[in-house]
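In this text the structure is predicted, and so the values were computed from the model without any measurement.
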Amino acid sequence: MGVISKDKKKITLYYNSENSIGKQTYAYVESADEDILAIDISKTKVTGTQWAEIAHSMNRPVESLVNQDHPDFKEKYGDQKVDLNEHDWLRVLEKSPSTLAYPVVIKGDRFIPIKNPSDFVKFLDDDSAGIDKPYS
């Protein structure tokens, strides 16, 4: 059992309000006509267990959540390719949340990486596919 709540009637957003993709994604999510739980990782500590669940639920390695080109990452690890184990990547995210590569939207069992804020619109379109529109 995971530690992240997976409610089909609520959108959960993990984002960083200190970067433009995070701010823009938050604006898109906030405009959705649904309940929202927005977790701003620049203000709220996210545990390694939560990061691991997010990565595994997207079928991605934890290191894919880390922006290795971010200045905070480069300051600590340099410009060369870094080979860390999963535990170390989790520590990077815990200690330097600013290195999060992209926001993540969760709705029910769906974990969606948002690499471009407009990806959220596609997510909403996919999510409402098959629902009869009252104005059709």
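For the atom pair CG of D109 and OG of S57, the computed distance is 8.0 Å after rounding to the nearest 0.5 Å. To the nearest 0.5 Å, the span separating CZ on F120 from CD1 on I112 amounts to 10.5 Å. To the nearest 0.5 Å, atoms CG (N16) and CG (D40) are separated by 6.0 Å.
Across every non-hydrogen atom of D79 and K74, the tightest pair is OD1-CD, 3.2 Å. Nearest heavy atoms, Q68 versus F73: O-CD2, 3.3 Å. Of all heavy-atom pairs between P117 and Q24, the closest is CG-OE1, 3.2 Å. Closest non-hydrogen pair, Q50 versus T47, comes out as OE1-N, 2.8 Å. Heavy-atom minimum distance, K43 versus S17: NZ-OG, 3.7 Å. Minimum interatomic distance between S118 and Y28 (heavy atoms only, all atoms of both residues): N-CE1, 4.2 Å.
Electrostatic pairing of K6 and E53 counts as a salt bridge here, judged by a charged N lying under 4.0 Å from a carboxylate O.
Using a 4.5 Å heavy-atom cutoff, the side chains of Y15 and V105 are not in contact. Residues S64 and M58 form no side-chain contact, since every pair of their non-hydrogen atoms from C-beta on lies 4.5 Å or further apart. Taking 4.5 Å as the limit, every side-chain heavy atom of I114 sits out of range of all side-chain heavy atoms of V104. Within the 4.5 Å cutoff, no side-chain heavy atoms of N59 are placed close to those of F111. V46 has its side chain out of reach of P97: every pair of non-hydrogen atoms, C-beta onward, lies at least 4.5 Å apart. Annotation: side chain of W51 is in contact with side chain of L65 (closest heavy-atom distance under 4.5 Å). Side chains of E86 and H56 form a contact here, defined as non-hydrogen atoms less than 4.5 Å apart. Contact of the L37 side chain with the I39 side chain is registered, since non-hydrogen atoms from C-beta on lie closer than 4.5 Å.
Of the candidates I41, V66, I54, I41 is the only one forming a side chain to side chain contact (heavy atoms under 4.5 Å, CB included) with L100.
Shown here is K45, whose NZ atom has more than 12 heavy atoms of other residues, nucleotides or ligands within 6.0 Å. The local environment of OH in Y26 is sparse, with at most 12 non-hydrogen atoms from other residues, nucleotides or ligands closer than 6.0 Å. The number of heavy atoms from other shown groups lying within 6.0 Å of CG (D83) does not exceed 12.
Between D72 and S98, the side chains place a donor N or O and an acceptor N or O closer than 3.5 Å (distance only, hydrogens not considered). Between the side chains of T99 and N67, no donor-acceptor pair is found at a separation under 3.5 Å.
The backbone N or O of I21 lies less than 3.5 Å from a partner atom in the side chain of T25, making a donor-acceptor pair. In this structure, N116 contributes its side chain and D119 its backbone to no donor-acceptor pair below 3.5 Å. S96 places no side-chain N or O within 3.5 Å of a backbone atom of L93 that could act as its donor or acceptor partner.
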For K107 and E34, run salt bridge (Lys or Arg N to Asp or Glu O under 4.0 Å): C-alpha distance rounded to whole Å, both residues' side-chain angles, the deciding distance at 0.1 Å, then the answer. CA-CA 10 Å; K107 185 168 183 188; E34 302 200 35; 2.5 Å; yes
Test log, rule side-chain contact (heavy atoms from CB on, under 4.5 Å), inputs Y14 and I4: CA-CA 11 Å; Y14 284 81; I4 296 176; 3.8 Å; yes
Using the salt bridge (Lys or Arg N to Asp or Glu O under 4.0 Å) rule, take D35 and K9 through it: C-alpha gap first, then chi angles, then the decisive distance, then the call. CA-CA 7 Å; D35 289 337; K9 296 181 181 182; over 6 Å; no
